[in-house]
Amino acid sequence: MNKNLKLGGIVNKGGSSLENKTGDWASKVAFVDQEKCIKCHQCVLFCPEGCINIGSDGKKVDVDGNYCKGCSVCAAECPVKAISMRPKK
Ligand code: SF4
Ligand code: SF4
């Protein structure tokens, strides 16, 4: 066993989830077409990472690429197909 490897997947203190940037290892990121979006916020409810934010206007949604893991759940659940998955740069 290589004891020089860093430990992974361990939560060693409460309230530390923001330190684990799940978007770091994603190959795709969700993109919202604001023209198609009807502001229903279904994507916000379904995102397992909680990384789709509602803007200060209470309507517009934005994906935080630091935490989007590219799972496509939001794209599958969007009723008007306003979300597409794009390769991460
Ligand atoms: S589910 Fe689709 S239409 Fe609804 S807020 Fe999200 S992107 Fe917009
Ligand atoms: S692709 Fe997955 S992690 Fe990224 S915003 Fe959509 S539901 Fe959230």
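For the single chain, residues carry numbers from 1 onward in sequence order. One-based numbering, in listed order, for ligands and for the atoms of each.
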Which distance, rounded to the nearest 0.5 Å, do you find between the [atom1] of [X] and the [atom2] of [Y]?
| X | Y | atom1 | atom2 | result |
| --- | --- | --- | --- | --- |
| C68 | K28 | SG | NZ | 9.5 Å |
| M85 | S27 | CE | OG | 8.0 Å |
| C47 | E77 | SG | CD | 11.5 Å |
| Q34 | K39 | CD | NZ | 4.5 Å |
| D24 | N66 | CG | CG | 7.5 Å |

Note the single closest protein heavy atom to [atom], along with its residue, its atom name and the distance in Å.
| atom | value |
| --- | --- |
| atom 3 (S) of ligand 1 | I38 N, 3.3 Å |
| atom 1 (S) of ligand 2 | S72 N, 3.3 Å |
| atom 5 (S) of ligand 1 | H41 N, 3.2 Å |
| atom 2 (Fe) of ligand 1 | C78 SG, 2.3 Å |

Take a 6.0 Å sphere around NZ of K59 and say whether it holds more than 12 heavy atoms from other residues, nucleotides or ligands.
no
Taking atom 8 (Fe) of ligand 1 as the point of reference, which of C37, C40, A82 owns the nearest heavy atom?
C37
In ligand 2, which numbered atoms sit nearer than 4.0 Å to a non-hydrogen atom of M85?
1 (S)
Do any N or O atoms from the side chain of D33 and from the backbone of E35 form a donor-acceptor pair under 3.5 angstrom?
yes
Part of V80 with heavy atoms under 4.0 Å of ligand 1, whether side chain, backbone, both or neither:
side chain
May I ask you to determine how many protein N/O/S atoms are under 2.8 Å from atom 8 (Fe) of ligand 2?
1
Once you restrict to heavy atoms under 4.0 Å, what part of K28 touches ligand 2? Side chain, backbone, both or neither.
neither
